[in-house]
Protein chains: 4
Amino acid sequence: MSRNPKRIPSMVKNRQLVEKRRGQMIRGACDLFVRKGFHKTTTREIARECGLSIGTMYEYIQSKEDVLYLVCDYIHSELEKRLKNALAETGTGREGLTKAIAQHFKVMEEMSDYVLLIYQETKSLPKEAMSYVLKKEEEITFLFEEILRRGIQDGTLTLTPSSVKLMAHNIMVLGQMWTFRRWALKQHYTLEEYTRRQTALLLDKCTHEEQGREVQ
Amino acid sequence: MSRNPKRIPSMVKNRQLVEKRRGQMIRGACDLFVRKGFHKTTTREIARECGLSIGTMYEYIQSKEDVLYLVCDYIHSELEKRLKNALAETGTGREGLTKAIAQHFKVMEEMSDYVLLIYQETKSLPKEAMSYVLKKEEEITFLFEEILRRGIQDGTLTLTPSSVKLMAHNIMVLGQMWTFRRWALKQHYTLEEYTRRQTALLLDKCTHEEQGREVQ
Amino acid sequence: MSRNPKRIPSMVKNRQLVEKRRGQMIRGACDLFVRKGFHKTTTREIARECGLSIGTMYEYIQSKEDVLYLVCDYIHSELEKRLKNALAETGTGREGLTKAIAQHFKVMEEMSDYVLLIYQETKSLPKEAMSYVLKKEEEITFLFEEILRRGIQDGTLTLTPSSVKLMAHNIMVLGQMWTFRRWALKQHYTLEEYTRRQTALLLDKCTHEEQGREVQ
Amino acid sequence: MSRNPKRIPSMVKNRQLVEKRRGQMIRGACDLFVRKGFHKTTTREIARECGLSIGTMYEYIQSKEDVLYLVCDYIHSELEKRLKNALAETGTGREGLTKAIAQHFKVMEEMSDYVLLIYQETKSLPKEAMSYVLKKEEEITFLFEEILRRGIQDGTLTLTPSSVKLMAHNIMVLGQMWTFRRWALKQHYTLEEYTRRQTALLLDKCTHEEQGREVQ
DNA sequence: CATGAATGAGAATTCATTCAT
DNA sequence: GATGAATGAATTCTCATTCAT
């Protein structure tokens, strides 16, 4: 779990208030960033959108980039939360993986704009913040590694250990792909179709690959 | 083929000169955009980097966004060119697909920074230019569709027609994934390993999927 | 004596409290102004440094400039106090003047930073406050005029009356000079050396200048 | 001589133009700084005053502090130039010193506001620039050291070598004092009177002090 | 009396674009 | 065709001061 989220200093002491105001900021900024992108959104717009004066806004952040970090962090947390919730209701093994993938894809559909935002603006973050965001992404990927490993353990998935990490990334990316290729994919497939087909692709592999004839 | 590349107007009439100068601009701007991103690069920097004065530069473009378009267009053309070259030496059917995928991944490795650039800055293009760039992306995807179709035709690939498009996109994305997830993947896999494993994933599907029991 | 010290209005009625709080403010602000200058010091910093909240601080002043006035006034008072204390132990005539000058220089050394502060920030005061501060400076100069006059009276100093004022200013300035030229002087002279030499300069004049051949 | 004046980078290449524009800036800024002080003068005011747009102004400087440096440097150069001009017509020895002092004081009178400006704003300069400005001040002081030394050589001044530096500083300061104590001095003395009296003070010392009975 | 969150006018600086030479 | 000085709207961020609690 993310043990050391980058702390954004605030001039305001009251923790609850900080939480509340930053919530406002995230809500307002998210929309704007999705619509116009980070660089084309001005601080004044952000302030207006979230119902704060610029002065007040700057009591809770140190720079415009902090807002981007707050937003990216929020999105990742939200993704993680939703995915975890979904996975909670999910069994294990092959069956569980199928459901997990479906849930993941569903979350991607729901948070389409936000996932896209992360893809496009993460690099605008300052070094340190970017590292943290990438770490968060990795943690989410771990969730799928776990599922895969448990499936191997209970024998319903036949995957070599060295493939686990890659397969987890594949699951992540084939989900995200639904957001950043939607301009093409939506013309030909519904989410259900897409899910069925990609699941087949991923599961086939996880079923046929046997220890003995591992792909080096 | 790109039938209607967005024409960027130039004050200068001499076609050859326009070509030459824009070549300079693309070379200079590419590096800068990769290093600093589009928004953090100034027109002055671009001009300096490509050995033109700002005045002169503006004789060949109308706005900074034109440079981004030129760069994105160049990268896509380069990608297409390299991929086509690679595919030329490639056979057909299952065999050909394997080689094509490997070539595609190799090109991704070589043009890693550029592919990333496209992923992150395409959305900064004006509407029209963006559409054109996406169309270009689609065309490249078509190349794989072609290969897949020919493989189906000659019987070495057993894929349902409705899966072709998706599989082509999958090939594209699993290649690009090597660039935008390199921070994680390179720690665990070499390009060769990565290629072998992903090819197995993709080909398995293209071999096992039979007309009769098509995934709906 | 300063008959009409500019009154700084306070919201708080309790005189003692006002005195105490303003004491805190002066102590904190002095250091900050010396280190960073008046303009580069923020009210927040002042408040923090002196252990008050900004809200509370503003109960005792009306504007940031009031703090500067308070500080300047404090420094002048302190200078005057120390000088008077020193002069109290000092005899009269030539002998007394020598000691007075030495004490003055010693005070300058001790309050070096503060004297410098006054030199540099007095002009940042609002008109009225500045006048008052300059008057204070004049009063301190008077102290030396007094000493000079008494020396003339008792015959140990032979100075024409019209030179008295100038000589008093000279004493003041040659003392302050030790603060605002310390970057050069300290490299070549110790305070003792400096005092000896400057005293010689000043006293020679006060001894040789005779009524008859007054410098017009 | 100032061998390494801090170079202020300019975006504009044409040297002559840079010289001309900076001349405008200095003229405009000087007046404003004298009237309102550095911190209370805005960049827009400076730009307006010197007939440039802010954009254009920033082509010739990097920050507002650069303007202050330009101004301080200009004032010191002007002081040095005028003093050197004056000293050129001046003889040597006791006679020369007398004239030199008079010229110095005259320059102080003429440049009263500017000298005051330097006294008050030098500390607002960034470290490096401040060092350079102080060095310039020292160089001007050297001019008087030279005169004093030549006077010692030709026997018309009887001053111990170790007093030379201090005496040079004294001359400098008693001149500058006419600017920063003018609020008091002008009420009692004309410049001529002031010059006569201070010259007497300084020259007496330079005449009476003999090698044998040097003030330690 | 004390607090500290809120405010917004105002500050410095940047940078894409133009246009006279 | 080439140049680069000029422009000023736009942007981020600061900070003295107020006022409800």
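- By the 4.0 Å N-to-carboxylate-O rule, A:Glu45 lies close enough to A:Lys36 to be salt-bridged with it.
- Here the C1' atom of nucleotide E:dA2 and the OH atom of C:Tyr60 are 8 Å apart, to the nearest Å.
- Residue B:Lys64 places at least one side-chain N or O under 4.0 Å from the OP1 or OP2 atom of E:dA16.
- Ring geometry for A:Phe38 versus A:Phe33: interplanar angle over 60°, hence perpendicular rather than tilted (30 to 60°).
- With rounding to whole Å, A:Glu45 atom CD is found 15 Å from F:dC13 atom P.
- Note: A:Tyr132 and A:Tyr69 have tilted aromatic rings, judged against thresholds of 30 and 60 degrees for the angle between ring planes.
- Among the heavy atoms of the strands, none lies under 4.0 Å from D:Lys40.
- Along DNA chain E, the nucleotide closest to C:Asn14 and the one closest to D:Thr41 are compared, and the more 5′ of them pairs with C:Asn14.
- The CD1 atom of B:Ile54 sits 15 Å away from the P atom of F:dT7 (whole-angstrom rounding).
- The 12-atom threshold is not exceeded at NZ of C:Lys20, counting heavy atoms of other residues, nucleotides or ligands nearer than 6.0 Å.
- The distance between atom CD1 of D:Ile61 and atom C1' of E:dT13, rounded to the nearest whole Å, is 10 Å.
- Heavy atoms of B:Met11 sit nowhere under 4.0 angstrom from any nucleic acid atom.
- Between B:Thr56 and F:dG1 there is no side-chain N or O to OP1 or OP2 distance below 4.0 Å.
- The closest side-chain donor-acceptor pair between D:Gln24 and D:Arg21 falls under 3.5 angstrom.
- With the nearest nucleotide of DNA chain F identified for both A:Glu59 and D:Arg44, D:Arg44 has the one nearer the 5' end.
- Nearest-nucleotide assignment on DNA chain F puts the 5′-proximal partner with B:Val18, out of B:Gly55 and B:Val18.
- Taking only side-chain nitrogens and oxygens, B:Thr42 never comes nearer than 4.0 Å to OP1 or OP2 of E:dC15.
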Item to check | Secondary-structure notation, DNA chain E, from Watson-Crick and G-U pairs under 3.5 angstrom (| other strand) | outcome: .||||||||||||||||||||
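- For E:dT14, the OP1/OP2 oxygens have no side-chain nitrogen or oxygen of D:Tyr58 closer than 4.0 Å.
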Checklist entry - Going through the distances and angles, do A:Thr41 and A:Lys64 end up as a side-chain hydrogen bond (donor to acceptor under 3.5 Å, both in side chains)? => result CA-CA 10 Å; A:Thr41 303; A:Lys64 190 188 167 192; over 6 Å; no
Next on the checklist: Please evaluate residues D:Glu59 and D:Lys13 with respect to the criterion salt bridge (Lys or Arg N to Asp or Glu O under 4.0 Å), reporting the C-alpha separation (whole Å), side-chain torsions for both, the decisive distance (0.1 Å), and the verdict.
Outcome noted: CA-CA 10 Å; D:Glu59 292 282 296; D:Lys13 303 298 167 192; over 6 Å; no
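- For A:Arg48 and E:dT7, the CZ to C1' distance is 16 Å, given to the nearest whole Å.
- As a whole-Å value, the separation of A:Leu17 CG from E:dG4 P is 12 Å.
- Classification of B:Glu49 and B:Arg44 as a salt-bridged pair fails, no side-chain N sitting under 4.0 Å from a carboxylate O.
- In this entry the distance linking CZ of A:Arg22 with P of E:dA6 reads 13 Å, nearest Å.
- The side chain of B:Thr43 places an N or O atom within less than 4.0 Å of a non-bridging phosphate oxygen (OP1 or OP2) of E:dA16.
- Atom CD of D:Glu65 and atom C1' of E:dA11 are 14 Å apart (whole Å).
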